[in-house]
Amino acid sequence: MKIWIKYLIGLSLGIGIAFAFPEDSSVASWIITFLHDISIRFGKYSLFPFLFFTAVLGTYKLKENAQLFKTLTLTFLFIFLFAFLMSAVGLLSVLILGSPRVPIFQEDGALSVPLNIGDAFLRILPHNAFLSFSESVFILPIFIFATLVGASCTVDKLNSRPLIALFDSLSRLFYALMAFFVDMFAIALIAVSAYWMIEFKMLLISKTFIRFVLLLFIDFLFVIFVFYPIIIKITCRSENPYKIMYASIAPLVAAFFSSDANVTLNILFRHLNESLGVRRRITSFVLPIFSAFGRAGSALVITVSFLVVMTSYSSLGMQSFVDMSYLVLLSTLLSMCISHTSREGVYIAVSVICAIYGSGFESAFLIIYPAIFFMASIATVLDAITALVGTYIVANYCKMANTREIRFFI
């Protein structure tokens, strides 16, 4: 049975449980929360060891074949381009469809925390390289450690040959372990989707954010069915774009309901390798970079969310092209700086824009606090498709992708 079918079965069971959930039971709430948390941990349990050994190997292969710089350049070019275009899509959607107004209130217990970019840079280079393995959210420290090891192995190929052979074996071993966890996440998805649906029902009951939810969902549909298919057709002319999108069903389901980029990363690895035929040296190097920096979906959600906040406080909105361009660029840059945060990253980025914008908007972001989980879901699912499409396009340019027939997709 294909993975996406397993995931849809788990999703259906989870949604069914959510509708039968006794909302007034504190014990039931504790159980579903506990099962959700352990399911998320289960989903990313095998990521770090697999990522380390595979990234070492991928960096070594790319540097050995003099393809490292070209691959890195293409990756960051598409990361910035996608984020900028997606932020512009978010801006245009608000201008065309109109911005929903949210009643002005301050949610009790709402988050008001800084982005701490300086702290993120310090975490990239910890006091001890082995502390990179202690990170639970931020993948950049362990990825950079792995790339340094892989690049160092090309300096003395004779002595590093046994090490590369060992890393290759460990990479394959942990890939098999990761594949098992990806398959079994269909069961974990029952608790994850049930928890998400309970939160979503509570959001809809208030009716405050219905138009905001609809706006983000319309943006999601446009990006999935129009924006990225056009991008794929332009960059990979011989490919059917919807064939690539079909390979993303399982990662998108996991991303939307887990709101966790690291859970999704495991699933993206499998589908890029086994469904889309992207070579391991590309996925091991490009995909983690996209996961860390390629947050085009987050850029879209940041832009839309800030405009909703702004419209709720003022009827003027964005009046000049300069202001619009500044917002798009700022959202683009902030989206590349939130991978060290959890699902609150988009919300924190909106708070930064509010602080920069000033004029009494410094604490305006607090009104969208109840919608954090839905903002995170849309951002994560669009970040996931960005990572898959971006990695595939880079692989296509480097001639390291051989798309298989749909019947062989996992």
**Prompt:** Around atom CZ of F133, are there more than 12 heavy atoms of other residues, nucleotides or ligands at under 6.0 Å?
**Reply:** yes

**Asked** Taking everything shown except I38 itself, do over 12 heavy atoms lie less than 6.0 Å from its CD1?
**Response** no

**Asked** If you look at every heavy atom in Y60 and S160, which pair is closest and at what distance?
**Response** CE1-OG, 4.5 Å

**Request:** Return yes when atom OH of Y246 has more than 12 non-hydrogen atoms of other residues, nucleotides or ligands closer than 6.0 Å, and no otherwise.
**Result:** yes

**Message:** side-chain hydrogen bond (donor to acceptor under 3.5 Å, both in side chains), that's the test. Do Y228 and T386 meet it? Break it down for me.
**Reply:** CA-CA 8 Å; Y228 274 126; T386 298; 2.6 Å; yes

**Prompt:** According to the interplanar angle, ranging from 0 to 90°, do the rings of W196 and F374 count as parallel (below 30°), tilted (30 to 60°) or perpendicular (above 60°)?
**Reply:** tilted

**Item:** Residue among F53, F167, F180, F50 satisfying ring pair (Phe, Tyr, Trp, His ring centres under 6.0 Å) with F174
**Value:** F53

**Message:** Would S171 and R280 count as a side-chain hydrogen bond (donor to acceptor under 3.5 Å, both in side chains) here? Give the steps.
**Reply:** CA-CA 10 Å; S171 173; R280 194 168 38 147; 3.1 Å; yes

**Request:** Rounded to the nearest 0.5 Å, what's the gap from NE2 on H36 to CZ on R41? Could you check?
**Result:** 11.5 Å

**Request:** Drop me the distance from F200's CZ to I15's CD1, to the nearest 0.5 angstrom.
**Result:** 10.0 Å

**Message:** As an exercise, state the distance from CH2 of W4 to CG of L11, rounded to the nearest 0.5 Å.
**Reply:** 12.0 Å

**Complete:** Tested for side-chain contact (heavy atoms from CB on, under 4.5 Å) against S291, the lone hit among L265, T391, L268 is L265

**Asked** What's the shortest heavy-atom distance between A384 and A255, and which atoms?
**Response** CB-CB, 3.9 Å

**Asked** From E344 CD over to F373 CZ, what is the distance, rounded to the nearest 0.5 angstrom?
**Response** 13.0 Å

**Request:** Find out whether I124 and F138 are in side-chain contact, i.e. whether some heavy atom of one side chain is under 4.5 Å from a heavy atom of the other.
**Result:** yes

**Request:** Would you give the length of the straight line joining atom CG of L287 to atom CD1 of I282, rounded to the nearest 0.5 angstrom?
**Result:** 11.0 Å

**Request:** I would like to know whether S331 and T303 meet side-chain hydrogen bond (donor to acceptor under 3.5 Å, both in side chains); could you show each step before the answer?
**Result:** CA-CA 6 Å; S331 298; T303 302; 3.0 Å; yes

**Item:** D219 and I378, any side-chain heavy atoms less than 4.5 Å apart
**Value:** no

**Request:** Answer yes or no: are there more than 12 heavy-atom neighbours, outside M202 itself, under 6.0 Å from its atom CE?
**Result:** no

**Fill in**
CE (M400) and NZ (K61) are apart, to the nearest 0.5 Å, by 11.0 Å

**Request:** Look at D183 together with R270 and state whether they make a salt bridge at an N to O cut-off of under 4.0 Å.
**Result:** yes

**Message:** Could you go through L327 and L307, starting from their C-alpha distance and side-chain angles, then the distance that decides it, and tell me whether this counts as side-chain contact (heavy atoms from CB on, under 4.5 Å)?
**Reply:** CA-CA 9 Å; L327 174 61; L307 289 173; 3.7 Å; yes

**Message:** Please verify the inter-ring angle class for F42 with F181; under 30° counts as parallel, over 60° as perpendicular, anything in between as tilted.
**Reply:** tilted

**Asked** Under 6.0 Å between the ring centres of F78 and F290?
**Response** no

**Message:** Surrounding OH of Y242 (heavy atoms of other residues, nucleotides or ligands, distance under 6.0 Å), is the total greater than 12?
**Reply:** yes

